[in-house]
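Right, one structure below, let's go through it.
Proteins come first, then strands; the chains are lettered A, B, ... in the order of their sequence lines, and each starts at number 1.
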Amino acid sequence: MIVATNISKQYEQRQVLASIDLSIAGSEIVGIIGPNGSGKSTLMKLLSGAETPTTGTVQLHDKSISTYKQKELAKEIAVLQQDPLPSVGFTVREIVEMGRYPYQSWLGTEQTSKHPEQDIVTETINRLHLQHLEQELVDHLSGGEKQRVALAKVITQEPKILMLDEPTTFLDIGYQLQMMEIVKAWQREKQLTVVVILHDLNIASMYCDRLVLLKQGTIKKIGPPASVIDADVIASVYETRPIVINHPKLAHVPQIILDK
Amino acid sequence: MTKKLLLYGGGATLLLLFSFILSLSIGSSMIPINDVWSTLLGKGNEVTEAIVINVRLPRITLAILVGSALAVAGAGFQGILRNPLADPYILGVSSGASVGAAFIILFGLQSALFGKYSIPVVAFITGVLTLFVVIKIAMRNGQLQKETLILSGVIVQAFLGSFISLMVSLSDTVLNEIIFWMMGSVTMRGWEYPQMMAPYLLIGIIILLTQGRALNLFALGERQALHLGVAIERTKMTVLITSTLLTAAAVSVAGVVGFVGLIVPHLIRLVVGPDYRLIIPLSVVVGSIYVLWADTIARMALMPKEIPLGVVTALLGAPFFAYLLKKGKKGINL
Amino acid sequence: MSTTWKQASTLVLAFLLALFLVGCNTGDNAESSDKETIQDNTTQETEENTEESTDTQEDKEQQSDNQTTYPLTVTDATGEEVTFDSEPTKLVSLIPSETEVLFALGAGEEVLAVDDYSDFPKETADLPKLGSTYSGLNVEELIALQPDVVFINAGLQADVAQELRDQGLTVFGSNPGSITDVIESIETIGLILNNQEQAEAVTKEMTEKIDYVKEKVANAEPKKVYAEFSAGWSFGTGDFANDLITLAGGENIFADVEGWFEVNPEEVINRNPEVILFTSGEDGVTEDNKEAITTRDGFEVIDAVKNDQVIGIDSNKASRVGPRITDSLIEIFEAIHPELAE
């Protein structure tokens, strides 16, 4: 689906990414991990078409991603950002409705069926248990609720590829897991492709089908969690050696334990 | 949303209609409503007709057009720049237009270049040119950062401001026409000015109306908007240029009428919330009402003297705005 | 000493001749004047000259006949007592009206420099220009000229007067509020410059013009006048031009307002003036200025426009409170009452 061929990105004199080859296809959850400054967010910007690579190409469905109109691209790829929704006075429902933007004509209506936007908006709000907050201002919600609203917005966007940039950063562990569960369930149901940047290696290991480990702008290791979450590999990238064990309940899910 | 628009929009339109008729009826000679109507139908006496149809009606019309243009342009600038201080003049359009007008006045070219339209035509051109200079300075790698844009606007404005001061000091009349031009007025402009302005206004408003949803997404941040399908740079350019054309059109015919573009969109936001699908159309109507009343006060308060329109809009606006700010609870976005 | 004495007696003789010519109409008057001046001639220390009765400000004790005695102390319109130790011969004027006064008094040769707007008479073109109150005065250059006296308008340039006095310069400010004030002011300046003869001549001519207009309009019904001396602006009482209009047999439609103001066009239509005055350059009417008024929307119903009584007058003459103010009066009178003009 998305094929990045030999892409690199340079800001002024600083090389952020260099010769990355990455192919993401079909229904899978791909986790991007790596230390701070390894180029995770930049890679996602290039894959989502927000920025163009300095060299190399990113193709979406065998077409250069830069040739897509912004609305067409938004129907393919939705991005959930790390920073919470700003407090600008919109209600929960208004924010969720914004997900329909790519499907609306300039008059603000959708042509397909009678009121599809109302259906999917209501459906998503119910699905994420936001009914009781529907008319609340987003400004008054907690961080976890805000992130749920943001997720509802990208779900309403009905993308084929979902990209999440550290979606759990500002959340407590309860919300982190809840968030990932929702994403996973939705991914399975709609057969989506999910690309997610994660800081927490254990969560990455638990939820991702494949992991891409970045170090200083290059791919250090790519493969299923079992092959990436490895004491030697982690040590070579993070400069600290953890203890890696298998999750006691889940098969083939390595977890790390920090070691001094 | 639609319900809200019908409710507030309908209310505001009724208020505008009421204001229009009331303002048309009051003035130097109080003309009863009946006579106003019979005059409008062509049955008035000569003097009433001259006053109502040839003096009052065109100036009221111009006040309405200028008000709606400035208010809707202000909404556009606030939406794109996401800055509470944004108003139609923030990017130097008014300074640019003033430079053009001051130049014409200083060198006495009022009827030399484009007949009696010299001031508006030149002010319009210099106003629009200013925006392009500002954009040119602010542009980095084909992108406009709002902070850079505002800064660039401030710099250009300061430069042009000193230029205007220079021309004011060079001007040798006791009644400094440049200063009075800059204080804004819609008097003695006849029907030509409203006619000249109306097409820009109509096109500009229609374009901005189509940008309401995109501006809503902008409020979430440019990247959010991008990923929701908004063509960021194109939208910025569309809204900036349209708002600038509206501003330049207003300033070129009426001088620098301040505060309208700042206060009206904020006022609407305090009442109906942040939705630009409401703010833009309501700005058109409320801006009209605001300047219509300001001008009515300008011509009535010290009869037979006129007060500069820009003075009234600011005198009325500032305290009213402060009151709203203190009182408003919902959806304040400053 | 003896040359001064000779000069003085020549001037006295000239004055006597002038008095005699005026006095021919009224024998008694001439006789008594004659007597007085002869007395003056013989005994230097006598009472004030009857002809000088209009002078109010100067220290009259020092004055006798047509020669100014220095030191002379006068109180100017800024309220300062200004003392002249000797006859000032190095003059500067910073306002067009006073420049015109100086030249009219025959002191043009003694004027060292003027402000940017002083453009009458045409000899001023060759004089150094010192800037203007609006755009800034070149004070350094002014001080370098070491003038004996600087003439200003106390109403418009009070702060300039203060600044120059702080620099040690002698400043004389006038601020005439009426046409008789202008005449008095010219007489005072004539006294300061020891040019009393010329002052007499100038003021006499001015008085005659005023009398001519007064006599003409004495029995005429005042006409309603709207004066637009700057686009869209008019004035009410308190402005000099308002007095001119009244003197010239007109009635300013905005006499109920004070000072200058931007006018509401509805009110002009409503008050329906019979004559509209506007200002234009010295060459008279410019069609542009006239058209701007006559074609203004709604103005077509005004009587003045209907009857083509929209008349341009010379703006410099009308606005400068100098010797040409009476010319302006005649111009305005002829504009308002063309049927009475000869």
Side-chain angles (χ1 to χ4, degrees), chain B residues 26-31 44-59 105 108 110-112 115-116 119 165-177 180-181 183 185 187-194 295-296 298-309 311, chain C residues 95-96 115-117 119 131-136 153 155-156 226 228-236 239 252-272 279 281 286-289 291-293 295-303 305-306 315 319-320:
Chain B
I26 59 179
S28 63
S29 42
M30 288 285 183
I31 301 164
N45 67 46
E46 194 189 46
V47 174
T48 332
E49 202 179 299
I51 290 178
V52 172
I53 299 200
N54 295 336
V55 178
R56 226 178 269 171
L57 194 56
R59 103 179 259 177
I105 295 169
Q110 279 93 329
S111 46
K116 58 179 168 177
I119 290 183
S165 303
L166 176 70
M167 286 195 269
V168 168
S169 75
L170 290 177
S171 173
D172 59 355
T173 44
V174 184
L175 288 173
N176 203 310
E177 244 188 279
F180 280 100
W181 184 86
M183 287 203 279
S185 169
T187 185
M188 295 193 204
R189 274 140 169 93
W191 276 114
E192 289 94 341
Y193 282 44
D295 183 54
T296 308
R299 65 185 166 88
M300 292 286 294
L302 294 179
M303 192 79 91
K305 299 184 188 185
E306 294 260 350
I307 309 169
L309 181 56
V311 172
Chain C
I95 190 100
D115 72 305
D116 285 357
Y117 299 122
D119 57 2
S132 75
T133 321
Y134 305 117
S135 57
N153 181 292
L156 302 169
Y226 167 61
E228 187 174 306
F229 287 7
S230 181
W233 285 69
S234 189
F235 50 81
D239 191 86
N252 186 351
I253 57 166
F254 290 118
D256 56 331
V257 187
E258 179 148 355
W260 282 74
F261 61 96
E262 190 181 0
V263 75
N264 183 334
E266 289 183 14
E267 269 310 282
V268 181
I269 298 170
N270 217 16
R271 298 183 185 202
N272 195 18
T279 50
T286 52
E287 287 303 321
D288 276 353
N289 290 354
E291 226 180 85
I293 294 170
T295 61
R296 194 172 288 154
D297 293 82
F299 273 33
E300 65 278 356
V301 301
I302 295 172
D303 284 346
V305 176
K306 279 185 189 163
S315 59
S319 62
R320 293 178 183 177

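- Residue contact with chain B, scored on non-hydrogen atoms closer than 4.5 Å, involves the backbone and the side chain of C:V263 alike.
- Ring planes of B:F180 and C:W233: perpendicular class, angle over 60° (limits at 30 and 60°).
- With no hydrogens or angles considered, no side-chain donor-acceptor pair links C:D297 and B:W191 at under 3.5 Å.
- The one candidate from C:I302, C:I253, C:V305 that meets the side chain to side chain contact (heavy atoms under 4.5 Å, CB included) condition with C:N272 is C:I302.
- Counting heavy atoms from C-beta on, the side chains of C:E291 and C:T295 come closer than 4.5 Å.
- Interface summary for chain C: among B:S185, B:P308, B:P304, B:A50, the most heavy-atom pairs under 4.5 angstrom belong to B:P304.
- Only the side chain of C:F254 comes within contact range of chain B, judged by heavy atoms closer than 4.5 Å.
- With respect to chain C, the highest number of heavy-atom pairs below 4.5 Å among B:R189, B:M188, B:R299 belongs to B:M188.
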